[in-house]
Amino acid sequence: MGIQNWSENVMLVTVAPEPDMCEELKTVTDIVRQRKKCSVVMDFSDADIVTSSSLAQLLKLQKVLDDLNQQFIVCGVGKRTKSIFEVTGLDKVFEFVDDKFTALTELQLTS
């Protein structure tokens, strides 16, 4: 996983493939809790599957960001991974865009 501070209030996270994704998502959630004012763009370009544990961590991260009134955008999701989000109904929970550049632009326009 790579965590980049794109700006003062935006973190770009490139998630690692499973099985490392879950622990890394916990780390991102901890960072967001500490920073408080930080929106997150989560790039799934390197991931081809998401386990139930990682889905649970994504939901926790979404909850923390919602509580802090910050945005969470998921991007770079392949067809296989997107189908996991759709089957679980999480495609309605998370905001999806095609790529990180679109996500970062959207955050910049709404801030």
Side-chain angles (χ1 to χ4, degrees):
M1 173 178 70
I3 299 175
Q4 298 176 6
N5 290 314
W6 188 257
S7 72
E8 184 179 317
N9 299 322
V10 176
M11 185 175 9
L12 172 62
V13 180
T14 304
V15 295
E18 293 291 3
D20 299 325
M21 187 185 303
C22 186
E23 284 302 314
E24 292 176 342
L25 291 171
K26 288 179 186 177
T27 300
V28 172
T29 303
D30 290 341
I31 292 169
V32 168
R33 280 188 182 118
Q34 291 172 3
R35 287 180 62 178
K36 305 241 187 283
K37 189 166 173 61
C38 179
S39 292
V40 176
V41 172
M42 186 79 53
D43 184 0
F44 276 80
S45 297
D46 294 339
D48 63 344
I49 193 163
V50 181
T51 65
S52 58
S53 297
S54 292
L55 290 174
Q57 287 304 315
L58 284 168
L59 287 168
K60 286 180 185 177
L61 176 59
Q62 178 72 59
K63 172 76 169 110
V64 169
L65 288 163
D66 284 347
D67 290 348
L68 295 170
N69 200 30
Q70 299 298 303
Q71 289 184 272
F72 182 43
I73 301 175
V74 178
C75 66
V77 179
K79 288 182 181 182
R80 185 174 173 190
T81 305
K82 182 72 170 189
S83 68
I84 294 168
F85 285 108
E86 290 169 350
V87 166
T88 58
L90 295 175
D91 60 321
K92 309 282 190 280
V93 174
F94 303 117
E95 179 181 353
F96 291 88
V97 298
D98 290 335
D99 57 52
K100 62 185 171 188
F101 302 109
T102 303
L104 293 166
T105 301
E106 185 175 318
L107 286 176
Q108 190 172 25
L109 292 173
T110 59
S111 61

Student check: side-chain heavy atoms of [X] and [Y] closer than 4.5 Å:
{"X": "C75", "Y": "V41", "answer": "yes"}
{"X": "D30", "Y": "R33", "answer": "yes"}
{"X": "L25", "Y": "S54", "answer": "yes"}
{"X": "L59", "Y": "F94", "answer": "yes"}
{"X": "F44", "Y": "M21", "answer": "yes"}

Rounded to the nearest 0.5 Å, what separation is found between the [atom1] atom of [X] and the [atom2] atom of [Y]?
{"X": "N9", "Y": "K37", "atom1": "CG", "atom2": "NZ", "result": "5.0 Å"}
{"X": "E23", "Y": "Q57", "atom1": "CD", "atom2": "CD", "result": "7.5 Å"}
{"X": "K100", "Y": "D43", "atom1": "NZ", "atom2": "CG", "result": "5.5 Å"}
{"X": "L90", "Y": "I84", "atom1": "CG", "atom2": "CD1", "result": "10.5 Å"}

>> For a side-chain hydrogen bond (donor to acceptor under 3.5 Å, both in side chains) check, start with the C-alpha distance between T102 and D99, then their side-chain angles and the critical distance, and finish with the verdict.
In response: CA-CA 6 Å; T102 303; D99 57 52; 2.9 Å; yes

>> Closer than 3.5 angstrom, by distance alone: can the side chain of Q70 be matched with the main-chain N or O of C38 as a donor-acceptor pair?
In response: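 Checking the backbone N and O of C38 against the side chain of Q70, a donor-acceptor pair under 3.5 Å is found.
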
>> With side chain to side chain donor-acceptor pair (under 3.5 Å) as the rule and sequence neighbours excluded, what pairs involving residues 74-87 come up?
In response: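 Applying side chain to side chain donor-acceptor pair (under 3.5 Å) to every pair that reaches into residues 74-87, excluding sequence neighbours, yields nothing.
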
> Does a side-chain N-to-carboxylate-O contact under 4.0 Å join K63 and D67?
Replying inline: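 Looking at K63 and D67, the cut-off is met.
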
Do [X] and [Y] share a hydrophobic cluster (ILVMFWY, side-chain heavy atoms under 4.5 Å, transitive)?
{"X": "V77", "Y": "V93", "result": "yes"}
{"X": "F101", "Y": "M11", "result": "no"}
{"X": "M42", "Y": "I3", "result": "yes"}

> Would Q62 and D66 satisfy side-chain hydrogen bond (donor to acceptor under 3.5 Å, both in side chains), going step by step from the backbone distance to the final call?
Replying inline: CA-CA 6 Å; Q62 178 72 59; D66 284 347; 2.9 Å; yes

Search all heavy atoms of [X] against all heavy atoms of [Y] and return the closest pair with its distance.
{"X": "L107", "Y": "Q71", "value": "CD2-OE1, 3.1 Å"}
{"X": "A47", "Y": "A16", "value": "CB-O, 4.5 Å"}
{"X": "V50", "Y": "L55", "value": "CG1-CD2, 3.5 Å"}

>> side chain to side chain contact (heavy atoms under 4.5 Å, CB included) for V74 and L58? Distances and angles first, verdict last.
In response: CA-CA 10 Å; V74 178; L58 284 168; 5.6 Å; no

